[in-house]
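What follows is a short report on a single structure.
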Amino acid sequence: GTMGRGVSAGKVCTSAAALARMQGNTFHSNGRFGTYMLGNNFPKDTDQSVATDGWMLDMGQCDGFTAVGNDRGYGGAIVNSFDYGTAFVGHYNAGDIQYLGHTSTDNLNLMYWKESKSFADGCSAHFRGGLYRSGNMALPDQGTMIIEDTRFENAWLEANHHCNVGVTGMLCMPLYILHNVTWVGGSSTWVTFQKENTQQHNANQNHGGIFALSPPDAAANAAHAEAAHAPFALGFLLPAPYASLVSHHFSYLLHFRTPSGACVLAASLSPELAARFDGGILCEPQLRPLKVYSRGLASAS
């Protein structure tokens, strides 16, 4: 984002502007964009106010973190929006913004989001109480994305969809947590991972991304599997007793045995599950990423 124009130059950081709520909008058959935010939109807790003519007194508050490392993110919501018959719904890069009560149906991309972040409050969901029907969910890189109290019908989830494409993406290892999510199939494919490298090097892992049930849902999945003595559907994305899904590239997981269970190739269970989960690995343990960031290093080094 910019730092303001004209008399406001150097007195605002537009990409940090707070968003309280956008409510009750309908985008129908627009052809290209429905509900969509261009550029970088990461609302932050700043001193910008009406009393200062909308200017900021401390431009240091444009930074993502305080001096002691606290996240400056300031939550907002897009509420009860309806999108139908468009190509793209979502954001380029955005964080601390929730889709609440969103209906997105019969769009090429029910959601198209390049980069995001974990909510600053540590618990808010990115998608809550919505319905996504007949289309692709192109999900972003970065942080933990929470989807809760949401229904998917004839939809499919695409991990990491814009990581290492141009300048977007970070470590290409987001975590997608699904809590009380109802999954109604239709398409033979429910999840896809990235397979193409668009960079001039191989120092990336576009195929990253973890889909995981929330701890309560994972426990319910395991309990139902134990009662039935066989994998079966409980209305969750993943079949019982599994709690996590990753790309088949992380094959080292197949060699681990833990008190909470093991990991298997979806293809070892059935051809149907192999197609459904893009040949990925299903795990009984609740997987989480460990990310280590370096400073001053580029792919060439």
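Checking side-chain atoms of Asp71 against main-chain N and O of Phe65 turns up no donor-acceptor pair under 3.5 Å. A distance-only check finds a donor-acceptor pair linking the side chain of Ser270 to the backbone of Leu273 [under 3.5 Å]. With hydrogens and angles ignored, the 3.5 Å screen pairs a side-chain donor or acceptor of Ser244 with a backbone N or O of Leu287. Without hydrogens or angle criteria, Ser118 side chain to Thr144 main chain gives a donor-acceptor distance under 3.5 Å. Gln98 contributes a side-chain N or O that, together with a main-chain N or O of Ala125, makes up a donor-acceptor pair within less than 3.5 Å. In this structure, Glu284 contributes its side chain and Ala262 its backbone to a donor-acceptor pair below 3.5 Å. Within the 3.5 Å criterion, the main-chain N or O of Thr86 finds a donor-acceptor partner in the side chain of Asn107. Judged by distance alone, with hydrogens and angles left aside, the side-chain atoms of Ser116 form a donor-acceptor pair with the main-chain N or O of Ala94 at under 3.5 Å. When atom types are taken as modelled, the side chain of Asn160 and the backbone of Cys163 share no donor-acceptor pair closer than 3.5 angstrom. Between the side chain of Ser268 and the main chain of Leu265, a donor-acceptor pair closer than 3.5 Å is present.
Put simply, the side chain of Lys195 does not reach to within 4.5 Å of the side chain of Asn206, judged on heavy atoms. Contact check for Arg151 versus Val184: side-chain heavy atoms found under the 4.5 Å cut-off. Contact check for Tyr132 versus Thr150: side-chain heavy atoms found under the 4.5 Å cut-off. Using a 4.5 Å cut-off on side-chain heavy atoms (C-beta onward), Leu110 and Val89 make no contact. Between Phe42 and Asn93 there is a side-chain heavy-atom pair separated by less than 4.5 Å. Between Gln48 and Val12 there is a side-chain heavy-atom pair separated by less than 4.5 Å. Side-chain contact between Phe211 and Leu157: present, with at least one pair of heavy atoms (C-beta onward) separated by less than 4.5 Å. Side-chain atoms of Met173 and Pro289, non-hydrogen and from C-beta on, do get closer than 4.5 Å to each other.
In summary, of the residues considered (Leu245, Asp217, Leu178), a side-chain contact (heavy atoms from CB on, under 4.5 Å) with Leu238 occurs for Leu245 alone.
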Point to revise | Asp83 vs Thr35, side-chain hydrogen bond (donor to acceptor under 3.5 Å, both in side chains): CA-CA, chis, key distance, verdict | key: CA-CA 7 Å; Asp83 287 278; Thr35 303; 2.9 Å; yes

Point to revise | Verdict with supporting geometry, Leu131 and Thr105, side chain to side chain contact (heavy atoms under 4.5 Å, CB included) | key: CA-CA 8 Å; Leu131 169 64; Thr105 180; over 6 Å; no

Practice item. Could you give me the CA-CA distance, side-chain angles and deciding distance for Phe193 and Glu158, then say whether side chain to side chain contact (heavy atoms under 4.5 Å, CB included) is met? Key: CA-CA 6 Å; Phe193 296 97; Glu158 180 185 357; over 6 Å; no

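Screening residues 100-111 for salt bridge (Lys or Arg N to Asp or Glu O under 4.0 Å), with sequence neighbours left out, gives no hits. Evaluation of the salt bridge (Lys or Arg N to Asp or Glu O under 4.0 Å) test over residues 46-70, restricted to residues two or more places apart or in two chains, returns none.
Residues satisfying the salt bridge (charged side-chain N to carboxylate O under 4.0 Å, His left out) test with Asp96, not counting sequence neighbours, are Lys117. In this structure, Arg72 has no salt bridge (charged side-chain N to carboxylate O under 4.0 Å, His left out) partners at least two apart in sequence or on a different chain. By the side-chain contact (heavy atoms from CB on, under 4.5 Å) test, Met37 is found to be paired with Leu19, Met22, Asn41, Ile78, His91, Ile97, residues two or more places apart in sequence or in another chain being considered. Residues satisfying the salt bridge (charged side-chain N to carboxylate O under 4.0 Å, His left out) test with Glu148, not counting sequence neighbours, are Arg128.
Using modelled atom types and a 3.5 Å distance limit, the side chains of Ser260 and Thr258 yield a donor-acceptor pair. Side-chain N/O atoms of Asn109 and Asn136 include a donor and acceptor closer than 3.5 Å. In the model, Trp55 has a side-chain atom that pairs as donor or acceptor with a side-chain atom of Ser8 under 3.5 Å.
Taking the six-membered ring for Trp and the full ring otherwise, Tyr99 and His126 have centroids separated by 6.0 Å or more. For Tyr92 and Tyr36, the gap between ring centers is short of 6.0 Å. You'll find the ring centres of Phe33 and Phe27 outside the 6.0 Å limit. Two rings, from His161 and Tyr112, have their centers less than 6.0 Å apart. Taking the six-membered ring wherever Trp is involved, the centroid distance between the rings of Phe250 and His207 falls below 6.0 Å.
Looking at every heavy atom in both residues, Tyr84 comes nearest to Phe82 through CB-CE2, 3.5 Å. Heavy atoms only, all atoms of each residue included: Cys13 and Met56 are closest at SG-SD, 3.5 Å. Considering every non-hydrogen atom in both Pro241 and Ala222, the closest pair reads CB-CA, 4.2 Å. Considering all non-hydrogen atoms of both residues, Gly261 and Pro285 come closest at O-CG, 3.8 Å. Of all the heavy atoms in Met145 and Pro140, the pair that sits closest is CE-CG, 3.4 Å. Of all heavy-atom pairs spanning Pro239 and Asn221, the tightest one is O-ND2, 3.4 Å.
Side-chain heavy atoms closer than 4.5 Å link hydrophobic residues (I, L, V, M, F, W, Y) into clusters, and following such links, possibly through other members, connects Phe236 to Val264. Cluster annotation: Met137 is connected to Val191 through the hydrophobic network of ILVMFWY side chains, with a link wherever side-chain heavy atoms come within less than 4.5 Å. Cluster membership for Val246 and Leu213, using ILVMFWY side-chain heavy atoms within less than 4.5 angstrom, is not shared.
For the pair Lys44 and Tyr74, the cation does not sit on the ring face, since its NZ or CZ is not both under 6.0 Å from the ring centre and inside 45° of the axis.
Remark: Arg288 CZ is packed, more than 12 non-hydrogen atoms of other residues, nucleotides or ligands lying under 6.0 Å away.
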